[in-house]
Amino acid sequence: MRELNLAEVNVVTGAAGPVDFILDRAASSILSGVAAAVTGGAIGYLRGGDATGVLGLSFIGQLVGAFGGAVIGGIGGVIGGAMVPFEWSYPLVIEAFETVINGGIK
């Protein structure tokens, strides 16, 4: 016996409809936006101080890079997440979080 994916659960329960479509895309959008903001913030923090290290302002550059990366990543994640179903975006979000947590961003 195997586990059902989200699309199969919707078919079995009879819940597939226009409201479910909107809720699915909203959930995907929110989750993708959060994941992209976290990943963008991590990348911005790591790379933000590269150009300002000579002047001794690397800490300010890291904070600005983290904020800018989080905002831009969050906006892109929300827009991109609205275009794909939750079932497709969820594994990508988990992979992004695992990469950030395991230090895969260099």
Side-chain angles (χ1 to χ4, degrees):
M1 182 173 244
R2 65 180 182 85
E3 293 182 11
L4 298 176
N5 62 26
L6 293 176
E8 291 169 333
V9 170
N10 283 339
V11 170
V12 170
T13 61
V19 174
D20 292 323
F21 175 81
I22 293 170
L23 293 176
D24 179 68
R25 296 304 165 100
S28 176
S29 180
I30 292 168
L31 187 66
S32 298
V34 170
V38 169
T39 306
I43 292 170
Y45 180 78
L46 290 175
R47 299 289 177 217
D50 288 351
T52 58
V54 177
L55 302 174
L57 301 174
S58 62
F59 182 69
I60 295 170
Q62 287 173 333
L63 293 178
V64 171
F67 180 74
V71 169
I72 292 170
I75 291 170
V78 167
I79 293 170
M83 296 182 194
V84 296
F86 183 81
E87 181 179 287
W88 190 78
S89 65
Y90 183 76
L92 297 175
V93 167
I94 296 302
E95 185 177 337
F97 280 137
E98 287 176 352
T99 302
V100 171
I101 290 169
N102 295 332
I105 298 174
K106 298 189 190 286

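Heavy atoms only: backbone and side chains are in, while hydrogens, waters and symmetry mates are out. Given the structure is predicted, the values throughout are model-derived calculations rather than measurements.
Rounding to the nearest 0.5 angstrom, the gap separating the CD atom in Gln62 from the CZ atom in Arg47 is 11.0 Å. Between the CG atom of Asp24 and the OG atom of Ser89 there is a distance of 7.5 Å, given to the nearest 0.5 Å.
Residues Val93 and Val38 share a single hydrophobic cluster, defined by chaining ILVMFWY side chains whose heavy atoms lie under 4.5 Å apart. Residue Ile79 is grouped with residue Val71 when hydrophobic side chains (ILVMFWY) are merged at heavy-atom distances under 4.5 angstrom, including chains of intermediate members. In this structure, Leu92 is a member of the same hydrophobic cluster as Val84, with clusters built from ILVMFWY side-chain heavy atoms closer than 4.5 Å.
Counting all heavy atoms, side chain and backbone alike, Ser29 lies closest to Ala82 at CB-N, 3.8 Å. Listed here is the closest heavy atom pair of Ser32 and Gly77: CB-O, 3.3 Å. Considering every non-hydrogen atom in both Arg25 and Met83, the closest pair reads NH1-O, 3.2 Å.
Partners of Ile105 by side chain to side chain contact (heavy atoms under 4.5 Å, CB included), not counting sequence neighbours, listed by chain and number: Thr39, Ala42, Ile43, Leu46, Thr99, Val100.
Sequence neighbours left out, the pairs with a member in residues 61-106 that pass ring-ring contact (aromatic ring centres under 6.0 Å, His included) are Phe86-Tyr90.
Remark: the backbone N or O of Gly81 is paired with a side-chain donor or acceptor of Ser28 at under 3.5 angstrom.
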